[in-house]
There are 2 protein chains.
Amino acid sequence: MASEVRVQDRAAPLAVVRRGVHSQSEEAYLRIRDRILTLDLPPGSLVHEARLREELAIGRTPIREALQRLAHEKLVRSVPHRGTFVTDVNITDLARITEVRVVLEGHAARLAAERCTAADRVAIRELLASLSIGASDQRELMRMDQAIHRQIYRSARNSFLESTLERYFNLSLRLWYLVLDRQVRLREAVEEHVALLNAILAGDGDRAEQTMRTHVTGFEREIRAALVER
Amino acid sequence: MASEVRVQDRAAPLAVVRRGVHSQSEEAYLRIRDRILTLDLPPGSLVHEARLREELAIGRTPIREALQRLAHEKLVRSVPHRGTFVTDVNITDLARITEVRVVLEGHAARLAAERCTAADRVAIRELLASLSIGASDQRELMRMDQAIHRQIYRSARNSFLESTLERYFNLSLRLWYLVLDRQVRLREAVEEHVALLNAILAGDGDRAEQTMRTHVTGFEREIRAALVER
DNA sequence: CCCGGCGATATGCCGGCGATATACCGGTCG
DNA sequence: CGACCGGTATATCGCCGGCATATCGCCGGG
């Protein structure tokens, strides 16, 4: 153990050493994506590349790459020589996204139930513990929901499925932010989460899948109701 | 009509002006993707950016963008300052990909059965007609299979599902190319196609989904068998 | 035999150039 | 007088090639 070099010393040219290394493209992608999801960049708005460039204090290339990535994820739409716009939202897209999510999340829940390891079980029990405390506000609830779904994606042990679901989840997340002010009923959602996680812990794939499908479908119903009343 | 400038003169620096306009990025993406799928760039091999640059006679940016896109689709893996490699294939990935495809393609088939329009029906009948002729060689069969699946994606009337399935189909396509020399049994596949399309034409969602699931599962079994015997 | 420095290579990022599509605006015709 | 039309101005994009940097492989020295 002669070459004891602490990684923190040699890396970190600047300040941020969050978890792992972030290329500027990745950083730009995450930050712009967050702005879109949280509606800081509202649907339909023009994404001003030059403005982002000075706000994020980086060059054009990383931003270009981030926008392209977002375009492939259907979060922005790039019109040649017109500009890049945040994708608009509508009931139809909500339905289309949910259509896929119901099937995919359901299958992920089933796989998670069938495959989850001891480590997964520990993480899931922790999630259940946090759930029993209850969420103070809606944003806290969103974080919980996000953590639960991500855990299930991981437990499904399928990296393809995981990354696909991650993208669809983000699309849904934006819709949730859209109706954040409306107090959508979410007590049920919490209970569904508990039932869902318990089904996974019990290794009951059928029940996990069914519960997840109900959960996602119910989510759509709530969002849709809040959307149409706007 | 004073400014009569023929478009062919100013555009078309090279030769290919296929259908529609291709940006160089798109062109690079399609060509590199094709090379990967057809194993012209074999799994695990290093993707030499400079070589591609001179072979495609374009700059670095389009190639970079194409490679990033391929990386997000898990067709290449980019290791910082090491190089970009074509993603390796293994039985596990085949299983993981199929796992998602079974569910997604099945659902797409169901949706297609429920939603297909008159225009779709015409296209599907044409596909059935081509099928009755029969495929001469295996590559012809691949093209048929591809056309059928794409038609179903379109008929499902869900652009999100369509683009997701497109990506998974390409991942599977490469696996097919991998075992192309092995004469996998495919008579069944053709019959399945016929049954599948007929179920869709009949508007029988349940049967369409079930047939598609069988089809995709059977596909995996054949590929797997050919893969392990290598 | 092991270690440390050096060259080679590929990447991430940058800023600029030419091209292009839109918007605006003044002139002209109905 | 109003509407249309052609030309110009502008903003944005696609693409380019270069620079700085990080990593690996090699080779000579200890």
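In the text below, chain A, chain B and the rest are named by the order of the sequence lines, each starting its count at 1. Remember, it's a predicted structure, so these values are computed and weren't measured experimentally. Note: hydrogens, waters and symmetry copies are ignored here, and every other heavy atom, side chains too, is used.
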> How long is the line joining CZ of Arg51(B) and P of dT9(C), in whole Å?
Replying inline: 12 Å
> His48(B) or Thr61(B): which one's nearest nucleotide on DNA chain C is closer to the 5' end?
Replying inline: His48(B)
> Leu46(B) CG to dC24(D) P: how many Å, rounded?
Replying inline: 14 Å
> What's the closest nucleotide to the Ser23(A) side chain, out of dC13(D), dC13(C), dC16(D)?
Replying inline: dC13(C)
> Residues in side-chain hydrogen bond (donor to acceptor under 3.5 Å, both in side chains) with Glu99(B), at least two apart?
Replying inline: Arg115(A), Asn158(A)
> So does Ser25(A) get a side-chain nitrogen or oxygen closer than 4.0 Å to the phosphate oxygens (OP1/OP2) of dC13(C)?
Replying inline: yes
> Taking the side chain of Glu65(A) as heavy atoms from C-beta outward, which of dT11(C), dC13(D), dC13(C) is closest to it?
Replying inline: dC13(C)
> Quick one: is dG14(D) close enough that its OP1 or OP2 comes under 4.0 Å of any side-chain N or O from Gln24(B)?
Replying inline: no
> If only side-chain N and O atoms of Arg64(A) are considered, is one of them under 4.0 Å from the OP1 or OP2 phosphate oxygen of dG14(D)?
Replying inline: yes
> So which of residues 66-79 of chain B are in contact with DNA chain C, with a heavy-atom cut-off of under 4.0 Å?
Replying inline: none
>> If you only use heavy atoms from C-beta on, which nucleotide in dC13(D), dC24(D), dA22(D) is closest to the side chain of His81(A)?
In response: dC13(D)
> From the list dA23(C), dC16(D), dC13(D), which nucleotide is the closest neighbour of the side chain of Ile58(B)?
Replying inline: dC16(D)
>> Has Tyr168(A) got a side-chain atom pairing as donor or acceptor with Glu105(A)'s backbone, closer than 3.5 angstrom?
In response: no
>> Just to verify, what does Glu73(A) make a side-chain hydrogen bond (donor to acceptor under 3.5 Å, both in side chains) with, not counting sequence neighbours?
In response: Tyr29(A)
>> With salt bridge (charged side-chain N to carboxylate O under 4.0 Å, His left out) as the criterion, how do Glu162(A) and Arg157(A) come out once you've worked through the C-alpha distance, each side chain's angles and the decisive distance to 0.1 Å?
In response: CA-CA 8 Å; Glu162(A) 186 175 353; Arg157(A) 298 262 173 277; over 6 Å; no
